[in-house]
Each structure stands twice: as structure tokens, then as C-alpha cells.
Amino acid sequence: MPVWLELLSALLMFATGLYLSAFFSGSETGFYRLSIPRLNIDAAAGERSATRLMWFAQNPAYFVATCLIGNNVANYVTTAAISWWILLFFGYTNEGLEIGATLLLAPIIFQFAELLPKSVYYHAPFNRLKRNITLFVCFFRGFFLLSWPLVTFTRLFEKLSRQSTQPSEIVLGRNRLTQLMQHGHEEGVLTDIQSRLANGLLQLAPQPAISTMIPSHRVLGVSEDATPGMIIEFARKYAVSTVSIHKSNNQTHWTGYVLVADLLCSKHEELRIHEMPKLSRKASKLEALHLLQLQNAQQGAFVDGEEVLGIIFKQGLVEQIFRPGAPKRPVSK
């Protein structure tokens, strides 16, 4: 084979590797940016490309596995082309020459095979994926013998390990729901308070509620033997609307709370102690808030057997959900 033809073939191989890397990298980014409601509408209208995309949206593991295998194939083709060039120019090849040539071409590979396609698919995911879905399906079918065992093994491993990690379908669904809320707010469909509530629920709800617990030894409160007047004075001193109550013989065993408004309305004549709902240390913030809401309670106690680990305030959970990015309020001392 003439040298010029080998050089041209190596150049075509390098360009093919760049294209494949750009195609799979961009497709993966665009997949995470898909608008499922819009995809549902087009698929229901009978659009073939949208129907194919919808299948991958319902089976995201196969899409991700195909992109993973495709990127590895693209990297192999690109590396083989670089090695071929080195062999043509120097007559031999070694690790030093291959590493040097790869470093020299790295800016080109990064710019045209990673950064640029990801940016294009990020800003126009729906149009780009619909346009290239036929080619992607071809690769999916070609790589199926490799992707199917990979997906099956991953699912089997997750099932056997019994890990608490969430499946990709839930993670992708949460990301897309967040995008939907954001787009709704930008278009004026959702108010600011609704957007903040949705984002707060999605971000904070899975987190353990015990992370915002006030430990028992740091809780501000009074004994169950305290008089209404003492409780009113305590509430004024610390500017609180609820006062936690602990056992008279154990200052870290919190059992209930008193609403200051109840004392003021009853003119200090009646002391009504509300029982704290007991929360599991494994409860999420959404579960804790739901339980407090069901029992119309302002405070809840985390328990481990007979031991009270600490308490949590309903108002604090509500504030965190509406302001997920806000720092936690320090505990008064």
C-alpha cells in the first residue's frame, strides 16, 4: 500500500474515532437533558424517532451502557490511528512516542470530541437525539451482546448486595422532574414558592432527618414539674414559642412540649403537655415531617430503645424544604 494511502487511512481512522467519541459523549449529555413530557407528546403523536427515544427513557441502563461501550471503542480507534501515524513517520513505535503524540493531540481530542459536542447536546438535546437516534439504535443493536451482560450483571449485583443506592430510573426521573419545575417557573406556570417547595422536596426529602437533630444534652427546656409561670418566663428569656419538657429525674429524657400560646390563652391556669411523636433514627426528613404533620405535633423525639437521642422541630424541617440552600440555624445556648 502506498505511503500516502496509509497516511490518508490513518487520518480517516482518527477522524472516525473523534466522531464516535463526540457522538457518544454528546448523546449521553443530551439524554440527561431530555424533556420527558415533550417526548411523551411526540411519541403519542406517532413520531418514530420520539418512540425510539421513549424506549430508552424507560430503559436508561441500556442507553448508558451503549454510550459507555461506544466511548471505549472510540478511544481504541483514536489510539490505534495515533499509533499508525507514529509507525508511518518513524518506522517504529514505543510507549514514549505514543504518550507524546497523545499529549500533543489531547487538546484537539478534548475540544472536538468532548467539550464541543457536550455543549451542543446540552443546549439542544431533543433535536440532536431525534436526528441521530437511528444511528444510535444501530450501535445499540451492534453492542447488544456486550451491553446486555453488563446491564444484567449490574442489576444482579445491586440486588444481591442489597445496597440502599437508588436505581438509575429514579435518579434520572428526579433530575428530569427538577428540570420540568425549573422550566415551569421560567415560563410563569409555577410561582416562586411552588418551585422552591418542589426543589426542596427533591433535594432534602431523601436525607436522614437525624442529621438536623438537636442532641438531648443540648436541648433547651424545663422539667415536667415546672409551673406555668416558670414556663412563660423561660419562653420569654429564650424567645421560643414551644418549650420542651423532660422527665423530672432525667434531664436528657424529653417526652413532650408545651405551646406558649396555650398557656397565654388559658391565663396560666392549665398546663397541657403535648406528647412528642417517636421517630426512628433511619427516618428521612420527608418521613419525619409527614409524621409530625399527621399528629399535628411541633416537635418529635428520636429514640433508640428507651434512650432519647434528641429532638427535631417541625418548623425547622419546613424552613429547610423551602430554603434548601440556606445554612442551618445554630442552636441557641
Side-chain angles (χ1 to χ4, degrees), residues 13-36 39-40 43 48-84 98-99 102 105-106 109-110 112-122 124-179 202 206:
M13 179 181 289
F14 183 76
T16 301
L18 281 183
Y19 175 79
L20 290 177
S21 181
F23 176 76
F24 289 111
S25 297
S27 296
E28 186 175 9
T29 300
F31 185 68
Y32 294 122
R33 291 277 298 169
L34 271 179
S35 173
I36 299 302
L39 186 60
N40 271 319
R48 184 174 178 80
S49 58
T51 303
R52 290 179 170 181
L53 271 175
M54 195 64 199
W55 186 88
F56 284 111
Q58 295 170 347
N59 300 273
Y62 285 104
F63 191 97
V64 175
T66 302
C67 289
L68 178 64
I69 297 171
N71 271 317
N72 280 277
V73 171
N75 293 335
Y76 177 80
V77 172
T78 304
T79 304
I82 294 175
S83 299
W84 196 357
E98 290 186 2
I99 293 175
T102 302
L105 294 172
I109 297 174
F110 176 75
F112 294 100
E114 294 290 336
L115 186 61
L116 184 60
K118 285 182 178 293
S119 178
V120 171
Y121 275 82
Y122 180 87
F126 197 69
N127 292 334
R128 299 302 306 179
L129 285 174
K130 283 177 59 178
R131 182 178 301 177
N132 297 324
I133 188 60
T134 301
L135 179 60
F136 190 90
V137 170
C138 293
F139 282 115
F140 165 71
R141 292 173 178 172
F143 297 155
F144 185 76
L145 292 179
L146 298 175
S147 63
W148 180 80
L150 180 63
V151 173
T152 303
F153 176 77
T154 301
R155 291 176 175 174
L156 179 63
F157 180 78
E158 290 179 352
K159 183 178 180 180
L160 293 177
S161 62
R162 297 180 180 178
Q163 295 181 349
S164 60
T165 52
Q166 296 171 317
S168 57
E169 289 84 355
I170 296 179
V171 176
L172 291 174
R174 181 179 299 159
N175 292 337
R176 288 162 180 162
L177 181 57
T178 302
Q179 295 173 16
L202 291 174

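No donor-acceptor pair closer than 3.5 Å links the side chain of S119 to the backbone N or O of L115.
With sequence neighbours left out, K118 forms a salt bridge (charged side-chain N to carboxylate O under 4.0 Å, His left out) with no residue at all. Applying the side chain to side chain contact (heavy atoms under 4.5 Å, CB included) test to L146 and every residue at least two apart in sequence or in another chain returns I69. When the side chain to side chain contact (heavy atoms under 4.5 Å, CB included) test is applied to N127, the partners found at least two apart in sequence or on another chain are R38. In terms of the side-chain hydrogen bond (donor to acceptor under 3.5 Å, both in side chains) criterion, residue partners of S83 (sequence neighbours excluded) are, by chain and number, E98. Here A65 pairs with S147, L150, V151 under the side chain to side chain contact (heavy atoms under 4.5 Å, CB included) rule; sequence neighbours left out.
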Practice prompt. Quick one: do F24 and E28 satisfy side-chain contact (heavy atoms from CB on, under 4.5 Å)? Show the steps, please.
Written response: CA-CA 6 Å; F24 289 111; E28 186 175 9; over 6 Å; no

Practice problem: Using the side-chain contact (heavy atoms from CB on, under 4.5 Å) rule, take F14 and W84 through it: C-alpha gap first, then chi angles, then the decisive distance, then the call. | Solution: CA-CA 10 Å; F14 183 76; W84 196 357; over 6 Å; no

Criterion side-chain contact (heavy atoms from CB on, under 4.5 Å) on F63 and N59, from CA distance to verdict: CA-CA 7 Å; F63 191 97; N59 300 273; over 6 Å; no

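Separation of atoms CD (E114) and CD1 (I109) is listed at 9.5 Å; rounding is to 0.5 Å. A distance of 9.5 Å separates CG in L129 from OG1 in T29, rounded to the nearest 0.5 Å.
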Scan the side chains in residues 132-145 for donor-acceptor partners under 3.5 Å anywhere in the protein, sequence neighbours excluded, and list what turns up.
from : atom 1 : to   : atom 2 : distance (Å)
N132 : ND2    : Y121 : OH     : 2.7
N132 : ND2    : R128 : O      : 3.3
T134 : OG1    : R52  : NH1    : 3.3

Return a table of donor-acceptor pairs under 3.5 angstrom between the side chains of residues 71-78 and protein atoms on other chains or two or more places apart.
from : atom 1 : to  : atom 2 : distance (Å)
N71  : OD1    : S25 : OG     : 3.3
N71  : ND2    : C67 : O      : 3.2
N72  : ND2    : L68 : O      : 2.7
N75  : ND2    : N71 : O      : 3.1
T78  : OG1    : A74 : O      : 2.9

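When the shell of 6.0 Å around CH2 of W148 is examined, it contains 12 or fewer heavy atoms from other residues, nucleotides or ligands.
Contact check for F31 versus P125: no side-chain heavy atoms found under the 4.5 Å cut-off.
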